[in-house]
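Reviewing the structure listed below.
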Amino acid sequence: MIHSLFLINHSGDLFLEKHWKSVISRSVCDYFFEAKEKAVDPENVPPVLQTPHHYLITIYRDKLFFLSVIQTEVPPLFVIEFLHRVADTIQDYFGECSESVIKDNVVTVYELLEEMLDNGFPLATESNVLKEMIRPPTILRSVVNTLTGGSNVGDTLPTGQLSNIPWRRAGVKYTNNEAYFDVIEEIDAILDKSGSTVFAEIQGVIEACVRLTGMPDLTLSFMNPRLLDDVSFHPCVRFKRWESERVLSFIPPDGNFTLMNYHVSSQNLVAIPVYVKQSITFFEMGPCGRLDITIGPKQTMGKTVEALMVTIHMPKAVLSANLTPTQGNYTYDLATKVLVWDIGKLNPQKLPNLRGSLSLQAGAPKPEDNPSLNIDLKIQQVAISGLKVSRLDMYGEKYKPFKGVKYLTKAGKFQVRT
Amino acid sequence: MMICPYSETEVNQGRRQKAITAPTTPVTENRQFGSKMTDSKYFTTTKKGEIFELKAELNSDKKEKKKEAVKKVIASMTVGKDVSALFPDVVNCMQTDNLELKKLVYLYLMNYAKSQPDMAIMAVNTFVKDCEDPNPLIRALAVRTMGCIRVDKITEYLCEPLRKCLKDEDPYVRKTAAVCVAKLHDINAQLVEDQGFLDTLKDLISDSNPMVVANAVAALSEIAESHPNSNLLDLNPQTINKLLTALNECTEWGQIFILDCLANYTPRDDRESQSICERVTPRLSHANSAVVLSAVKVLMKFMEMLPKDLDYYGTLLKKLAPPLVTLLSAEPELQYVALRNINLIVQRRPEILKHEMKVFFVKYNDPIYVKLEKLDIMIRLASQANIAQVLAELKEYATEVDVDFVRKAVRAIGRCAIKVEQSAERCVSTLLDLIQTKVNYVVQEAIVVIKDIFRKYPNKYESVIATLCENLDSLDEPEARAAMIWIVGEYAERIDNADELLESFLEGFHDESTQVQLQLLTAIVKLFLKKPTETQELVQQVLSLATQDSDNPDLRDRGYIYWRLLSTDPVAAKEVVLAEKPLISEETDLIEPTLLEELICHIGTLASVYHKPPSAFVEGSRGVQHKRLPGSAGSGESVESPDTGSAAGVSEAPPAVIPSQGDLLGDLLNLDLTPPTTTGPPPPPASSGMQMGAMDLLGGGLDSLLGGDLGGGPAMGTGFGAPPAAMPASFNVPVSGGLDDLFDLAGGVGMPMGAFNPPKTVWLPAMKAKGLEISGTFVRRAGVIQMEMTLTNKAMSVMTDFAIQFNRNSFGLAPAGPLQVLTPLSPNQSIEAALPLSTVGPVMKMEPLNNLQVAVKNNIDVFYFSCQYPISMLFAEDGKMERQVFLATWKDIPNDNESQFQIKDCHLNSDAASNKLQGSNIFTIAKRTVEGQDMLYQSMKLTNGIWVLAELRVQAGNPNYTISLKCRAPEVSQCVFQNYEMVLKN
């Protein structure tokens, strides 16, 4: 199982180590540093490394490497999932997952790690169980504790720990009972030069924020559940009901959680909300090139496309860009060679256009690679797959909760090739 | 690694105190606390008196101050500072009813108890008392912490509390105790067995609480890993049923443990198999990808038992695809592991994902490791139906930025052509388009794959050769040059100026890499055989370049063989050199089926990521033997008692790290070198038989060299049978072997009966060592191992000051004395040196096991090479086992450790074989004849005390022997088998 954990920052400084079995010298990380050196970009460091006596499994998140050392045959996904859970927990506790936050709260982080894993076996990874054992720091609490000599550590057994619903603690009380569900969809797509779809799929997620008193039992049903190709649920969802009736039936955790993830694959037709007309050319003669991009609405379900943004990784030889946007503004980062055009709202009457010249390094050969365009966008109040929640019912409690559903469509990995 | 990321600014103790004790107005207070109350302050003090100060605070009467102090200690500990000196003071804080303080002290204890075992005893009483606490949280915490303290004296006290906790009324305590058994087993396996904890643990599988069941399974699985033969997880339909019930109710991690355990079960029939599959399928919808992949493993395995015509079989196949696709939208690290596994699944059951090609299309901002894996799977899924899409994508990738990825994409186009015949034409034209881009590395990759396409579809696409020839000048990578030369040679009759093209390469012959030289030699010989009249001069030129001016033995050997073939029998030469080549297979990189089956059973594990069987690489798993091999040198005792050996090995062996080259160099330079004496005996004359005078093409010089024995012809022929494309890699082995045989025949000297010693081979070519060439072999005479080397100076200047050093190796081989090269070695001179070896050097497991890394130093530089010694060098003279002992040991070694091999084409009878083997200290203990089959029972003992037992079966008239090897350290079997083969065949 998981033997040790090392936290390493962006520039390669090791700033925290935790061992769940015997202590492993941090020199084991040298193999990782070697690989990091070789990979150049931190994103490209291979996640599983073999050393003579150990395996190193690493995730890269929020500019931090979470490096675990294992010694026996362990499912790598188990380790990777766990590492992500560690990062999630830190995020959840302290609002962000960064080196400075971890250092500011190093003892709490250490206590958390001890609570999350025992002898390499996961012990308590549910946020609400952890929060009952180790209270998240708030400024108010640390003031009170300092004055009264109180403690951050709960001294009773967390109620959720052993019940059949470990994700929910007992005795939850609210004066305002409310349940919100956000249906968020991301479009992953690759469009080719001519604008036709090479590949498109939708990754959806239903994020919930449930603040309900007692032990409510909820049922969420959809107008068109058969749309979904693959689903994965929070453990609270009763799978049998989904199989037989296609409804989500569950006793929710308290607070924020991800109720389900789903996937609408390329087998179905995925609506592409915008089209892009682009031409990026470099001239054979003289160190310059031309760029001309226009974006227009395609299948937007009658809603406005917002927060539209185009990102282009230019070839190395491009020195500067002299462009004129009809809408929004653009920046070109010389160091990273990234051109960002921030457009904002898409006005169907007056399509945004960006055109102008690119200047190349003198003497450099004409760039061979064609830069891809990355598109960001948002459409409020619609799930692009057409998924709709029909109703939410509550059983088990008497009060009447306030219910709300929101829809949002975003671009995920949305790429246009040139 | 030095770590100094923290600011060195001192936080004034006094000021912080003031902030705590003197509250101001709420607004500023918040701000102040915000900045002062964080833990980062613990990092900042690095003063000398820090420890002293902490000591005072730890002994303070105020609870709060104590806790703050312990926190500071913990913070220092986490960043790697040594605060072990505070042990007694911290332990004193343990007796407290403040749970946070208690936990902090426990954290400290776990870290430092090992280094202060006597002090740790002080904590025992509190632990034992806490195990009786009315609060289950405290009971569990105590037993959990005790298990983490790896000190024998504490472990003894752990048994009683642990026994109680395993039967505790509170499931939280029971589940913690279950894991504690695994911890204890790791520290002292014998103790766990003696105390009967394993049985208690097995009982917990039937516990009413699913979390307890899951932890019991996890603990048992971990224990079973280091205990390969124990029948710990005795899976029967009843336990399976319990596990399946618990599966639905336990945590996500528990589900992984249970699924992995289920995967080890073999259902009795297809109905049971189906019912398990039905109950596992819902796990495919879990949010945790590890649960999903473990479920996929169970389903992939149990599916094998279902009849293909069953409706359910089809349903199941359909259910597997969506979750696998969903895994690809997760974080890149998860994607990577998923892709490696999908690669296996696609090879085993291509039908599952055949419609999902598009999800493997590469996005430009995928990490490179994801891109390469996706590409691989795309090729595996490529079929006639989707080839157009795939080709369009690959062409797109070939214009990307990342060079590695582009290269692989170009290669992939070639693989498509070979895999999907209908697409070959389109692939070739795509490749030609890419060649037109003139991007250097794209052109070179394209030429390499076009060569393979020619080999798959002969006489079909040769029209493109002209285009290829245009790019001749831009090729600067050996592989591409070699491919191009192969093409020119193979199609010499269709290329008008083939001779000119090849001649142009010949100009810089000596600057080319070996691969190109070999290919050029073969190509020109082919050309000569096809157009003998115009190219006689050319072939003579290349043969003399290869045989006379080259340092490379492979090249010289090949040159001589061609020369000899051409001079004796041109017709035969034609048959050999221009022989019909076998078509290359459709998919060259498919995983071998038995390995694939094994890997499918290991989906989701590290083995599946590396595509290697788990036994091949995971240290410590299936483990005792793997672990013990290097550690057991010198003590025969530990071999006999695996349990104690394993416990020590697992818990205490510090991780050994291979010394970097720098270290080795440093060691080497510190060697006490004896100054070379100039008055030593004169070195023996240079013995390089291959250095010949000038020869004419048809002259008899070679004949005399080879002793006029023509029987060598067929042997060489087999060497040639290998397809030319594969020659650079495979050529040297068979052919040089063939030559050795020839020389032996010529001299008329058979090997004397006695130890077989392999002939000398070149370990360090002169090219790599600034003119120093070392060839050598290993011999064992009367129990002394010697490394016999010939050092040849091929440089222009004198070499002196020789010294040698070994890297750590599997059996602790080390030089027993300095390297005796007393006279300076002048240019073109050779010297023989014999280096006695001992087996008491430092040990590190090598891959392969008999690999030896050597550093040799002289006045010019330090050179590194590695060589492999025959394992018989390590067979001791006292390796003959008593018959009774043999019988008992054979039975005692588990069957898993037995490996069986075939030795082909061996024509000795059993007595001759036995005699021959005895020469290498392989002793025959008994012989039995059953139905015309002789069975020889043999034993041998390695210098580190490991015994190997063998059963050799020889059937009269059958040249194939079967050998079964049993050893407690099964990794040596492969080496021993190779040794048998080598001894018996020479």
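Everything numeric in this text was worked out from a predicted model, so none of it was measured. Quick note on labels: first sequence line is chain A, next is B, and so on, each numbered from 1.
Between chain A and the options B/Leu293, B/Thr176, B/Asn288, the largest number of non-hydrogen pairs under 4.5 Å is found for B/Asn288. Heavy-atom pairs under 4.5 Å with chain B were tallied for A/Glu243, A/Lys193, A/Arg85; the largest tally goes to A/Arg85. Counting heavy-atom pairs closer than 4.5 Å to chain B, the top-ranked of the candidates A/Thr51, A/Thr125, A/Val79, A/Ile57 is A/Thr125. Top candidate by heavy-atom pairs under 4.5 Å with chain A, chosen from B/Cys250, B/Pro323, B/Gly147, is B/Pro323. With chain B as the partner, the residue from A/Val48, A/Thr258, A/Val74 showing the most heavy-atom pairs under 4.5 Å is A/Val48. Counting heavy-atom pairs closer than 4.5 Å to chain A, the top residue among B/Pro282, B/Ser221, B/Ala321, B/Ala392 is B/Pro282. No other option in A/Glu126, A/Arg417, A/His19, A/His84 has as many heavy-atom pairs under 4.5 Å with chain B as A/Arg417. For the options B/Ala290, B/Ser329, B/Ser285, heavy-atom pairs under 4.5 Å to chain A are most numerous at B/Ser285. Of the listed residues B/Met110, B/Lys371, B/Arg340, the one with more heavy-atom pairs under 4.5 angstrom with chain A than any other is B/Met110.
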Output, in order, the C-alpha distance, side-chain angles, deciding distance and verdict of side chain to side chain donor-acceptor pair (under 3.5 Å) for A/Glu81 and B/Ser289. CA-CA 7 Å; A/Glu81 281 278 0; B/Ser289 58; 2.6 Å; yes
Begin with the C-alpha distance, continue with both residues' side-chain angles, and end with the deciding distance and a verdict on side chain to side chain contact (heavy atoms under 4.5 Å, CB included) for A/Phe233 and B/His286. CA-CA 5 Å; A/Phe233 298 120; B/His286 202 284; over 6 Å; no
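The closest side-chain donor-acceptor pair between B/Glu333 and A/Thr58, if any, does not fall under 3.5 angstrom. Between A/Glu43 and B/Asn365, the side chains place no donor N or O within less than 3.5 Å of an acceptor N or O (distance only, hydrogens not considered).
Looking at B/Gln255, neither its backbone nor its side chain comes within 4.5 Å of chain A, counting heavy atoms on both sides. In this structure, chain A has a heavy atom under 4.5 Å from the backbone of B/Val362, while its side chain stays farther away. Contacts of A/Lys18 with chain B are made by side-chain atoms alone, with heavy-atom separations under 4.5 Å and no backbone atom involved. Neither the backbone nor the side chain of A/Val237 comes within less than 4.5 Å of any heavy atom of chain B. With a 4.5 angstrom heavy-atom cutoff, A/Met260 does not touch chain B via any of its atoms. Proximity to chain B (any heavy atom under 4.5 Å) is restricted, for A/Ile190, to the side chain, taken from C-beta onward. Residue contact with chain A, scored on non-hydrogen atoms closer than 4.5 Å, involves the side chain of B/Leu104 exclusively. Neither the backbone nor the side chain of B/Lys102 comes within contact range of chain A; no heavy atom of the residue lies under 4.5 Å from a heavy atom of that chain. The contact between A/Glu17 and chain B is made by backbone and side chain atoms together, counting heavy-atom distances below 4.5 Å. With a threshold of 4.5 angstrom between heavy atoms, B/Pro332 does not approach chain A through any atom at all. In this structure, the portions of B/Val179 lying under 4.5 Å from any heavy atom of chain A include both its backbone and its side chain. In this structure, chain B has heavy atoms under 4.5 Å from both the backbone and the side chain of A/Phe82. For B/Leu107, the part lying under 4.5 angstrom from a heavy atom of chain A is the side chain only. Contacts between A/Ile70 and chain B at a heavy-atom distance below 4.5 Å involve the side chain alone, from C-beta outward. Heavy atoms of B/Ile256 lying under 4.5 Å from chain A belong exclusively to its side chain. The part of B/Phe257 that comes within reach of chain A is its side chain, from C-beta onward, which places non-hydrogen atoms under 4.5 angstrom from that chain. When heavy atoms are compared at a cutoff of 4.5 Å, A/Gln203 approaches chain B solely by way of its side chain, counted from C-beta outward.
Residue B/Glu400 holds its CD atom at 6.5 Å from OG of A/Ser372, rounded to the nearest 0.5 Å. Note that OG1 of A/Thr108 is 12.0 Å distant from CD1 of B/Ile74, once rounded to the nearest 0.5 Å. Rounding to the nearest 0.5 Å gives a distance of 8.0 Å between CG of B/Leu328 and CD of A/Glu201. Put simply, CG on A/Asn119 and CG on B/Asp186 are 7.0 Å apart, with the number rounded to the nearest 0.5 Å. Atom OH of A/Tyr262 sits about 12.5 Å away from atom OG1 of B/Thr326, to the nearest 0.5 Å.
Using a 4.5 Å heavy-atom threshold, the side chains of A/Asp118 and B/Cys148 count as touching. At a threshold of 4.5 Å between non-hydrogen side-chain atoms, the residues B/Gln389 and A/Val198 do not count as touching. Annotation: side chain of B/Glu331 is not in contact with side chain of A/Ile59 (no heavy-atom distance under 4.5 Å). Put simply, the side chain of B/Lys71 does not reach to within 4.5 Å of the side chain of A/Val106, judged on heavy atoms. Here the side chains of A/Asp192 and B/Glu396 are not in contact, with every heavy-atom distance at 4.5 Å or above.
When ring centroids are compared, A/Phe78 and B/Trp253 come within the 6.0 Å threshold.
In this structure, B/Arg144 pairs ionically with A/Glu115, as a charged nitrogen and a carboxylate oxygen lie closer than 4.0 Å.
In terms of heavy atoms, B/Ala607 sits closest to A/Glu73 at N-OE2, 3.3 Å. In this structure, A/Gln50 and B/Tyr610 approach most closely via the heavy-atom pair N-OH, 3.2 Å. Shortest non-hydrogen contact noted between B/Leu606 and A/Pro76 is N-CD, 3.7 Å. Heavy atoms only, all atoms of each residue included: A/Asp229 and B/Pro322 are closest at O-CB, 3.8 Å. In terms of heavy atoms, A/Asn44 sits closest to B/Tyr369 at O-CD2, 3.6 Å. A/Phe199 and B/Val359 make their closest contact through CE1-CA, 3.8 Å (heavy atoms, listed as atom of the first residue, atom of the second, distance).
Checking side-chain atoms of A/Gln415 against main-chain N and O of B/Tyr364 turns up a donor-acceptor pair under 3.5 Å.
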